[in-house]
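One is the number of the first residue; the rest follow in order along the sequence.
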Amino acid sequence: MSANTKRVLIIEDEVALAEIVEAYLHRDGFETSHQIDGNNILALVATGNFDIILLDVMLPDVDGFQLCRMIRNVSVIPIIMMTARVEEIDRLIGLELGADDYICKPYSPREVVARVKAVLRRHAPVSTADARLVKTLEIDAEAFILRVLGKKIDLTPSEFKLVAALGEKPGRVWSRSQLLDVFMDDKDVFDRTIDSHIKNIRKKIGLVFPELDLIQSVYGIGYRIEI
Ligand code: CA
């Protein structure tokens with residue numbers, strides 16, 4: 001096994017189906033592991049042994065939606081959901097579970113392999129040295145890209161500068177005047193501007209993750225990012 005071998009965790013109760021997908025993935029150089037239910041999934045994810053998860057929605061012991069949320073709470077690992085019911089696709093999109101893609105059954109194994117590759121490509125860090133990867137937050141200062149739980153959040157350059165500053169040391173409290181220093185070259189930025197930038201950043205993250213309280217106000221002082 002080379003260091004670049006990607007490992008796929010398949011959670012699927014239909015054994016025959018999983019075996020076909022595994023065979024196609026193996027042919028393309030992937031390693032796979034198959035689970036027929038949701039047992040111990042969080043422990044498996046925590047081992048860090050997997051690069052991507054293929055997750056069936058209809059499992060005997062646990063709802064795949066619920067499982068997806070549980071995994072997302074602890075990991076940014078890419079997840080592709082698989083469902084036999086077209087109406088579930090709407091739920092998948094609407095729920096913002098943090099899944100990266102979904103595949104409708106019946107599918108061709110080739111399609112699954114193609115999706116796995118596409119999602120892994122999208123998740124490849126732009127530059128490992130410059131992308132500061134923390135559990136929920138990924139700040140790529142070179143490409144001006146912010147990802148929260150693997151999802152790209154489009155920010156203005158000013159908003160990005162603020163997040164990059166806050167994200168440098170999660171948990172550290174920044175005063176408004178310290179954050180103003182981020183904009184040294186920009187004379188039009190005042191205290192209030194910081195507040196309105198923060199408001200906009202929260203709104204943008206909130207659209208994707210309504211329950212995530214990433215940027216916190218510290219009363220009388222300023223802000224911090226809590227991961
Ligand atoms: Ca199933």
Q: Just how far is it from atom CG of L155 to atom NZ of K204, taken to the nearest 0.5 Å?
A: 5.5 Å
Q: Determine the minimum heavy-atom distance between F160 and F144, stating which atoms define it.
A: CE1-C, 3.5 Å
Q: Would you check, one step at a time, whether the test side chain to side chain contact (heavy atoms under 4.5 Å, CB included) holds for L17 with E12?
A: CA-CA 8 Å; L17 192 56; E12 166 69 78; 3.7 Å; yes
Q: How long is the straight-line distance from SG of C68 back to CD1 of I41, given to the nearest 0.5 Å?
A: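 Going from CD1 on I41 over to SG on C68, the span is 12.0 Å.
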Q: May I ask whether F209 and I201 are part of the same hydrophobic cluster, defined by side-chain heavy atoms of I, L, V, M, F, W, Y residues being less than 4.5 angstrom apart, directly or through others?
A: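 Yes: a chain of side-chain contacts under 4.5 Å links F209 to I201.
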Q: Among I52, I53, L55, which residue meets the side-chain contact (heavy atoms from CB on, under 4.5 Å) test with I80?
A: I52
Q: Checking R115 side chain against D101 main chain: does a donor-acceptor pair fall under 3.5 Å?
A: no
Q: Taking S196 for the side chain and T193 for the main chain, is one N or O donor matched with an acceptor at less than 3.5 Å?
A: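 Flag set: sc S196 to bb T193 pair under 3.5 Å.
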Q: CE of M82 to OH of Y107: how many Å apart, nearest 0.5 Å?
A: 4.5 Å
Q: Treating D28 as the side-chain partner and F30 as the backbone partner, does any N or O pair qualify as donor plus acceptor under 3.5 Å?
A: no
Q: With rounding to the nearest 0.5 Å, note down the distance linking CG in L54 to CD in E22.
A: 10.0 Å
Q: Using the test side chain to side chain contact (heavy atoms under 4.5 Å, CB included), find all partners of D51 that sit at least two apart in sequence or belong to another chain.
A: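 Scan of D51 (side chain to side chain contact (heavy atoms under 4.5 Å, CB included), adjacent residues dropped) gives K6, R7, L120.
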Q: I71 and I79: side chain to side chain contact (heavy atoms under 4.5 Å, CB included), yes or no, with the steps?
A: CA-CA 9 Å; I71 296 167; I79 301 172; 3.8 Å; yes
Q: Would V45 and I77 count as a side chain to side chain contact (heavy atoms under 4.5 Å, CB included) here? Give the steps.
A: CA-CA 8 Å; V45 171; I77 189 168; 4.3 Å; yes
Q: Tell me whether R172 forms a cation-pi arrangement with W174, defined as NZ or CZ under 6.0 Å from the six-membered ring centre and within 45 degrees of its axis.
A: yes
Q: With a 4.5 Å cut-off on side-chain heavy atoms, are I10 and L25 touching?
A: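 When only atoms from C-beta onward are counted, I10 and L25 do touch, with a gap below 4.5 Å.
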Q: Among R121, K152, R72, whose salt bridge (Lys or Arg N to Asp or Glu O under 4.0 Å) with D100 holds?
A: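 That would be R72.
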Q: For the residue pair A99 and K151, what are the closest heavy atoms and their distance?
A: O-NZ, 3.0 Å
Q: Taking all non-hydrogen atoms of both residues into account, name the closest pair between T5 and G29 and its distance.
A: CG2-O, 3.6 Å
Q: What are the two closest non-hydrogen atoms of G64 and M81, and how far apart are they?
A: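 G64 and M81 have their closest heavy atoms at O-CE, 3.6 Å.
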Q: Is the backbone N or O of G38 less than 3.5 Å from a side-chain atom of D61, with the two atoms forming a donor-acceptor pair by type?
A: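 At least one qualifying donor-acceptor pair exists.
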Q: Salt bridge between E159 and K161, side-chain N to carboxylate O under 4.0 Å?
A: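 Here E159 does not pair with K161 in a salt bridge, since their nearest N and O are not under 4.0 Å apart.
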Q: Grouping I, L, V, M, F, W and Y whenever their side-chain heavy atoms are under 4.5 Å apart, do V208 and L212 come out in a common cluster?
A: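 Yes, same cluster.
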Q: Measure the CG-OG1 distance between N200 and T156 for me, rounded to the nearest 0.5 Å.
A: 7.5 Å
Q: Taking the side chain from K117 and the backbone from V112, do they hold a donor-acceptor pair closer than 3.5 Å?
A: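 A pair under 3.5 Å: no.
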Q: Which heavy atom of I11 sits nearest a heavy atom of D37, and at what distance?
A: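 It is CG2-O, 3.6 Å.
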Q: Check R202 with D213, please: is the shortest side-chain N to carboxylate O separation under 4.0 Å?
A: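 No, D213 and R202 are not salt-bridged.
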Q: Among all residues two or more places apart in sequence or in another chain, which pass the salt bridge (Lys or Arg N to Asp or Glu O under 4.0 Å) test with E14?
A: K105
Q: If I take atom CG from residue L137 and atom CG from residue L214, how far apart are they, to the nearest 0.5 angstrom?
A: 5.5 Å
Q: With clusters defined by side-chain heavy atoms of hydrophobic residues (ILVMFWY) lying less than 4.5 Å apart, directly or transitively, does V218 cluster with L179?
A: no
Q: Which ring-ring contact (aromatic ring centres under 6.0 Å, His included) pairs, counting each pair once, include a residue from residues 4-28, with sequence neighbours left out?
A: none
Q: Under 4.5 Å between side-chain heavy atoms, counting indirect links through other Ile/Leu/Val/Met/Phe/Trp/Tyr residues: same cluster for L180 and I215 or not?
A: yes
Q: Identify which one of I139, L162, L166 satisfies the side-chain contact (heavy atoms from CB on, under 4.5 Å) criterion when paired with I225.
A: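 Looking at I139, L162, L166, the match for I225 under the side-chain contact (heavy atoms from CB on, under 4.5 Å) is L166.
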Q: Go through it in stages, so that I can follow the logic: the residues are I153 and R147, the test is side chain to side chain contact (heavy atoms under 4.5 Å, CB included), and I'd like the CA-CA distance, side-chain angles, deciding distance and then a yes or no.
A: CA-CA 6 Å; I153 310 285; R147 284 199 183 82; over 6 Å; no
Q: Please assess S177 against S175 for the test side-chain hydrogen bond (donor to acceptor under 3.5 Å, both in side chains), listing each intermediate value before the final yes or no.
A: CA-CA 5 Å; S177 65; S175 69; 3.3 Å; yes
Q: Hey, any chance V173 and I194 share a hydrophobic cluster, counting ILVMFWY side chains that come within less than 4.5 Å of each other, even indirectly?
A: no
